[in-house]
Amino acid sequence: MSDAVETTDLVVVGGGLAGHAAALAAAGLGADVILLEKLERFGGSSAMAGGGLVFAGTGLQRREGVGDSPERLRAALAEAGRGHSDPALLDAYADTQIEVHDWLRELGAEFSLTGQPVRRLHTMPSGVLVGLLHRRALDHTSVDYRASSPVVSLLHAGDDVTGVVVDGRAGRTRITTRCGVVLASGGFSRSRELVGRFAPHCAQAVAMGGVGNDGDGLVLAMAAGGAPVGMEFVEASFGASAAAGVEPRLLYAQSDGAVIVNTRGHRFADERGDIKALGRAVVEQPGGLAFQVFDQAVMEMSRRTPKTRDFAAALRDGLLAEAPTLAGLASRLGVPAGALAESARGLSQPPYYGYACKAGLTSTYGGLSVDGLMRVLDTAGSAISGLYAAGELVGGFHGAGYLIGSALGKAAVFGYLAGRNAVLAPRETARNAPAF
Ligand SMILES: Cc1cc2nc3c(=O)[nH]c(=O)nc-3n(C[C@H](O)[C@H](O)[C@H](O)COP(=O)(O)OP(=O)(O)OC[C@H]3O[C@@H](n4cnc5c(N)ncnc54)[C@H](O)[C@@H]3O)c2cc1C
């Protein structure tokens, strides 16, 4: 049976925050868009993340008296990247983020401000923003959203990318486009093969990104000549639950007073360190395993949001060992009682709790090389005609480190830029001219 054939203005690959932002931005300019999601459910990592996006100089910050600016945000992003961030991408983010913030608000987003040391995390509860954009996409007459539609290859005419092949439930479809293809298929945190190849230091980490984040876009674009950048920059986060058979989650009791010990009962890191520094420390421990150990005083600080501080839910879900004494807890955790008593001597209010955890790979920093218009670049630094990328798939932005809220921010900002630029870019040939 031959493949079905369709034509549209723009195809967007991936139904996370970046893909939805790209599709809506393009549709807002009058383009017809097909938004393809590999899985039955939309959302990817964007539906699982904490919920904050870094924006600076917004009306919300001004109303709440927070002194901030795009220049300060750009400097903070550059500092987090430890000198490895692409200046063109930092500029693209800093220059566009207020416009994207305002656009998201027009679409119905309601942010509250959180974050330290500057209150610039524009926060919505986990998954709510991508859910909102999904409803807007379903309501939009120019966006055709299709679930269970994995893109398996790109179509080419000479050096141009002209469409995609989808291998869906109903069979294979070739979709050709007038404006090009935006790849927004997320990172590669779920691909053992790609993590092993590009970031072997994270091979022991628990895979925690969206279950469709297998690096498909990376592989597709590289086959079309796209260059990878910063692939080695991957950092696992501390606090991923290590219980077998339960979907891993993050828990941070150390910020509220838990001590962190290894399987020998010894502390090995400063509990005040950030989750990436603690993540680096835990992978070096025996079995890559640690325990957050705390007492009832810490348990009483449990709160429902953020979920990372919901110790009561972790207890209910069977992720915590509990014992009336530290010696009893040591026995339940299988660590030497004497060493644990020494490490946890500040804890005094029974009962005692222990949370087994590893480093978790929530996202990857490296990805495709793009320019400030989100055009995918080849190894010579030239744009591949018709091919754009956005979101976690884009490399070179975070550099060697990541500012909390900049991955969700990057999905929204670069998705918006990719969708708009794919539609607005002057096409070289009449054959490709958009029909609207
Ligand atoms: C537990 C967790 C906590 C996090 N916390 C934060 C945080 O606090 N702050 C922050 O900034 N970031 C955080 N992140 C990272 C952030 O969520 C992601 O970097 C961001 O959401 C990526 O958005 P995206 O749209 O690029 O990818 P995703 O949201 O992952 O979407 C990609 C989509 O593409 C689909 N797809 C993949 N391959 C194909 C294909 N071949 N065809 C069609 N579709 C395909 C996937 O199924 C997926 O739905 C966290 C991530 C996780 C997992």
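Both ligands and their constituent atoms are indexed starting at 1 by order of listing.
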- Message: Please confirm whether the ring centroid of Y353 lies under 6.0 Å from the ring centroid of F311.
- Response: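 Distance test on ring centres: not under 6.0 Å, no.
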- Are the ring centres of F233 and H84 closer than 6.0 Å?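 Yes, they do, as the ring centres are separated by less than 6.0 Å.
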- With a 4.0 Å cut-off, would you call R272 and D270 a salt bridge?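 Judged by the 4.0 Å cut-off on N to carboxylate O distance, R272 and D270 do form a salt bridge.
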Short N or O contacts of ligand 1 with protein, under 3.5 Å, listed by atom name?
residue: ligand 1; atom: 9 (N); partner: Y402; partner atom: OH; Å: 3.1
residue: ligand 1; atom: 11 (O); partner: G405; partner atom: N; Å: 3.2
residue: ligand 1; atom: 11 (O); partner: A407; partner atom: N; Å: 3.0
residue: ligand 1; atom: 11 (O); partner: L408; partner atom: N; Å: 2.8
residue: ligand 1; atom: 12 (N); partner: Y402; partner atom: OH; Å: 3.4
residue: ligand 1; atom: 19 (O); partner: E392; partner atom: OE1; Å: 2.6
residue: ligand 1; atom: 21 (O); partner: S46; partner atom: N; Å: 3.3
residue: ligand 1; atom: 21 (O); partner: S46; partner atom: OG; Å: 2.9
residue: ligand 1; atom: 23 (O); partner: S46; partner atom: OG; Å: 3.1
residue: ligand 1; atom: 25 (O); partner: L17; partner atom: N; Å: 3.2
residue: ligand 1; atom: 25 (O); partner: A18; partner atom: N; Å: 2.9
residue: ligand 1; atom: 26 (O); partner: E392; partner atom: N; Å: 2.9
residue: ligand 1; atom: 29 (O); partner: G43; partner atom: O; Å: 3.3
residue: ligand 1; atom: 29 (O); partner: S45; partner atom: N; Å: 3.2
residue: ligand 1; atom: 29 (O); partner: S46; partner atom: N; Å: 2.9
residue: ligand 1; atom: 29 (O); partner: S46; partner atom: OG; Å: 2.5
residue: ligand 1; atom: 30 (O); partner: S45; partner atom: N; Å: 2.9
residue: ligand 1; atom: 30 (O); partner: N213; partner atom: OD1; Å: 3.2
residue: ligand 1; atom: 30 (O); partner: N213; partner atom: ND2; Å: 3.0
residue: ligand 1; atom: 38 (N); partner: D216; partner atom: OD2; Å: 3.3
residue: ligand 1; atom: 41 (N); partner: V151; partner atom: O; Å: 3.1
residue: ligand 1; atom: 41 (N); partner: D216; partner atom: OD2; Å: 2.8
residue: ligand 1; atom: 42 (N); partner: V151; partner atom: N; Å: 3.1
residue: ligand 1; atom: 44 (N); partner: K38; partner atom: N; Å: 3.0
residue: ligand 1; atom: 47 (O); partner: E37; partner atom: OE2; Å: 2.7
residue: ligand 1; atom: 49 (O); partner: E37; partner atom: OE1; Å: 2.6
residue: ligand 1; atom: 49 (O); partner: E37; partner atom: OE2; Å: 3.2
residue: ligand 1; atom: 49 (O); partner: G44; partner atom: N; Å: 3.4

- Return the minimal non-hydrogen interatomic distance between L251 and K307, and the atom names on each side.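 Scanning both residues, the minimum pair turns out to be CD1-O, 4.1 Å.
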- Item | Taking every non-hydrogen atom, the tightest pair across A21 and A411 |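 What the structure gives for the nearest pair is CB-O, 4.3 Å.
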- Should the ring pair Y365 and H398 be called parallel, tilted or perpendicular, given that the plane angle runs from 0 to 90° and is split at 30 and 60?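 Tilted.
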